[in-house]
**Student:** 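Supplied in structure tokens, the structure appears directly below.
If you're wondering where the values come from, they're calculated on a predicted model, not measured in any experiment.
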Amino acid sequence: MKRLLIVDGHAYAYRAFHAIRELRGPQGQATNAIYGFAKMLEKLRAALEPECLMVVWDGGLSAERLAAHPEYKAQRPEMPAELRPQLDELVEYLGAAGVASYCGDQVEADDYIACLARQAAAAGWQAVIASADKDFMQLVSPQIGLWNPNDKAAVIWSREQVVAKTGVEPEQVADWLALMGDAVDNIPGVPGVGPKTATELLKQFGSVAALLTRLAEVKSERLRTALAGSAERIRKNLGLVQLHAVACEFEPEKLAVRPANREQLRELFRRWGFKGMLESLERTMSGQQAELI
């Protein structure tokens, strides 16, 4: 089965930025996120060997989610000042490296990634999403897997890993998140309901829709009262955490891993002061020139 690798761009950029605290180019500009991202992408490509690859960037918050919950992600701090200019350079790097990338206005990366993964699976491909975002667990299927950078086992997550992590099936993950909320996205859950209780409820009732119609069967009066008082919140949360349909098209010929533009890469590595990468690239170029003689 051919493989499409989809990388959560902002997640990996932030990860690289915080992993390497101080790295600067010849002009004094911060280059830590660029360097770390390039190294992580190199490892991803070596581990997964995809035929197609795309890096997807956040283009802003979903207008639909903001209309439903104005506080959605409102607590998140501003992007670090030294990270922001590196994102444009990362896109330039990807172009030189032969890797497709996408950023759509008011399109959250999660939604576009979900659309692309589903289309690839429908076309008979395996889609692997590189991200630690728990929202993606709802997509896992025989043809859609996850590559979690926090997992030292370095395996593609399938149903087995999702169940081990959450206690519920992939198709129940959105319901699980709706019950307990998501502090990362500023989505409040049902008071007193954490991961364990959410899992127990879904094992008993199967879905939040069934749970809300059968509240009388919840044995704990405290929990039953909390659920009844949070019914509208749960329904709203479900709409927030489910990955939304957006416009996308899986076109393998446009996402195929292309040969790198080595001259452009050489110029970029010089600009950023990446001596090791530059030396490695020039050795490769010298070797190819020798083969042509």
Side-chain angles (χ1 to χ4, degrees), residues 6-15 17-18 55-80 83-84 87 102-118 129-140 144 146-151 157 162 165-168 170-199 201-202 207-209 211 226-227 229-246 248:
I6 315 171
V7 179
D8 185 347
H10 274 85
Y12 269 80
Y14 268 93
R15 190 177 188 87
F17 181 81
H18 290 295
V55 176
V56 181
W57 305 93
D58 272 316
L61 297 181
S62 159
E64 185 179 351
R65 289 191 180 94
L66 283 174
H69 184 53
E71 296 80 22
Y72 176 64
K73 296 187 178 180
Q75 89 293 2
R76 291 193 177 186
E78 286 290 319
M79 181 182 294
L83 173 57
R84 188 174 300 278
L87 297 184
Y102 174 84
C103 182
D105 187 38
Q106 285 193 312
V107 177
E108 294 192 45
D110 292 10
D111 293 326
Y112 194 86
I113 288 170
C115 176
L116 202 58
R118 287 165 173 154
I129 301 166
S131 177
D133 190 332
K134 56 185 173 293
D135 291 347
F136 289 125
M137 291 190 290
Q138 66 189 273
L139 296 174
V140 168
I144 300 177
L146 306 180
W147 186 270
N148 186 342
N150 294 329
D151 183 7
W157 279 31
V162 173
K165 177 72 174 177
T166 66
V168 301
E171 55 268 26
Q172 294 175 303
V173 166
D175 298 65
W176 184 70
L177 291 170
L179 285 168
M180 67 180 192
D182 187 351
V184 173
D185 290 345
N186 206 31
I187 300 173
V190 178
V193 174
K196 183 179 178 181
T197 301
T199 297
L201 288 168
L202 290 172
S207 68
V208 294
L211 167 63
L227 290 166
S230 302
E232 287 307 311
R233 175 186 294 177
I234 295 168
R235 293 187 183 98
K236 182 175 77 171
N237 284 358
L238 191 57
L240 293 171
V241 300
Q242 287 175 326
L243 295 171
H244 294 185
V246 296
C248 81

**Student:** Considering the options Asp185, Leu177, Ile187, which one meets the side chain to side chain contact (heavy atoms under 4.5 Å, CB included) requirement together with Asn237?
**Tutor:**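 Among Asp185, Leu177, Ile187, the one that satisfies the side chain to side chain contact (heavy atoms under 4.5 Å, CB included) with Asn237 is Ile187.
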
**Student:** Just do the side-chain contact (heavy atoms from CB on, under 4.5 Å) check on Val173 and Phe136 with the steps written out, would you?
**Tutor:** CA-CA 9 Å; Val173 166; Phe136 289 125; over 6 Å; no

**Student:** To check you understand the geometry: which heavy-atom pair defines the closest contact between Ala117 and Ile129, and what is its length?
**Tutor:**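 Where Ala117 meets Ile129 most closely, the heavy atoms are CB-CD1, 4.1 Å.
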
**Student:** Quick one: CG on Asp151 to NZ on Lys165, what's the gap to the nearest 0.5 Å?
**Tutor:**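 Rounded to the nearest 0.5 Å, the CG-NZ separation comes to 9.5 Å.
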
**Student:** Where the side chain of His244 meets the backbone of Asp110, is there a donor-acceptor pair that is under 3.5 Å apart?
**Tutor:**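 Side chain of His244 to backbone of Asp110: no pair is present.
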
**Student:** Is it true that a side-chain atom of Asp8 and a backbone atom of Ala130 form a donor plus acceptor pair closer than 3.5 Å?
**Tutor:**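 Not at all, since once roles are kept as given, no pair shorter than 3.5 Å links the two residues.
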
**Student:** Atom CG of Leu116 and atom CD1 of Ile6: how far apart are they, to the nearest 0.5 Å?
**Tutor:**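 Separation between the atoms: 4.5 Å.
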
**Student:** Test your reading of the model: is there a side-chain donor-acceptor pair from Thr199 to the backbone of Thr166, 3.5 Å cut-off?
**Tutor:**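 Yes.
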
**Student:** So which atom in Ala13 and which in Leu83 form the shortest heavy-atom distance, rounded to 0.1 Å?
**Tutor:**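 Nearest pair, atom of Ala13 first, then Leu83: O-CD1, 4.2 Å.
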
**Student:** Are Cys248 and Arg118 packed together at the side-chain level, in the sense that at least one heavy-atom pair is separated by less than 4.5 angstrom?
**Tutor:**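 Side chain of Cys248 against side chain of Arg118, heavy atoms only: no contact under 4.5 Å found.
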
**Student:** Please find the pair of heavy atoms, one from Val184 and one from Gln75, that lie closest to each other, and give the distance.
**Tutor:**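 Heavy atoms of Val184 and Gln75 come nearest at O-NE2, 2.8 Å.
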
**Student:** Find out whether Leu227 and Leu179 are in side-chain contact, i.e. whether some heavy atom of one side chain is under 4.5 Å from a heavy atom of the other.
**Tutor:**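 The answer is yes, as the side chains (C-beta and beyond) meet within the 4.5 Å cut-off.
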
**Student:** Provide the closest heavy-atom pair for Arg233 versus Gly189 in the form atom of the first, atom of the second, distance.
**Tutor:**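 Closest approach of Arg233 to Gly189: NH1-O, 2.6 Å.
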
**Student:** Heavy-atom count around Glu171 CD within 6.0 Å, excluding the residue itself: above 12?
**Tutor:**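 Check passes, neighbour count above 12.
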
**Student:** Report the distance from atom OH of Tyr72 to atom CD of Glu108, rounding to the nearest 0.5 Å.
**Tutor:**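 One gets 3.5 Å once the value is rounded to the nearest 0.5 Å.
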
**Student:** Identify whether the distance between the nearest side-chain nitrogen and carboxylate oxygen of Asp111 and Arg65 falls below 4.0 Å.
**Tutor:**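 Salt bridge flag = yes for Arg65 with Asp111.
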
**Student:** Would you call the rings of His10 and Trp57 parallel, tilted or perpendicular if under 30° counts as parallel and over 60° as perpendicular?
**Tutor:**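 His10 and Trp57: perpendicular rings.
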
**Student:** State, to 0.1 Å, how close Ala226 and Pro191 come at their nearest heavy-atom pair, and which atoms those are.
**Tutor:**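 Closest approach of Ala226 to Pro191, heavy atoms only: CB-O, 3.8 Å.
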
**Student:** Around Lys236, counting heavy atoms of other residues, nucleotides and ligands shown, do more than 12 lie under 6.0 Å from its NZ?
**Tutor:**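 Yes, because the 6.0 Å sphere around NZ of Lys236 holds more than 12 heavy atoms from other groups.
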
**Student:** Within a strict 4.5 Å, meaning less than it, do heavy atoms of the Met137 and Leu146 side chains meet?
**Tutor:**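 In contact.
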
**Student:** Evaluate the criterion side-chain contact (heavy atoms from CB on, under 4.5 Å) for residue pair Leu240 and Asp182; output intermediate values, then yes/no.
**Tutor:** CA-CA 10 Å; Leu240 293 171; Asp182 187 351; over 6 Å; no

**Student:** State, to 0.1 Å, how close Cys103 and Gly59 come at their nearest heavy-atom pair, and which atoms those are.
**Tutor:**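 Reported closest heavy-atom pair: SG-CA, 3.7 Å.
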
**Student:** Look at the side chain of Gln138 and the backbone N and O of Ala174, then say whether any donor-acceptor pair between them is shorter than 3.5 Å.
**Tutor:**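 No: the side chain of Gln138 does not pair with the backbone of Ala174.
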
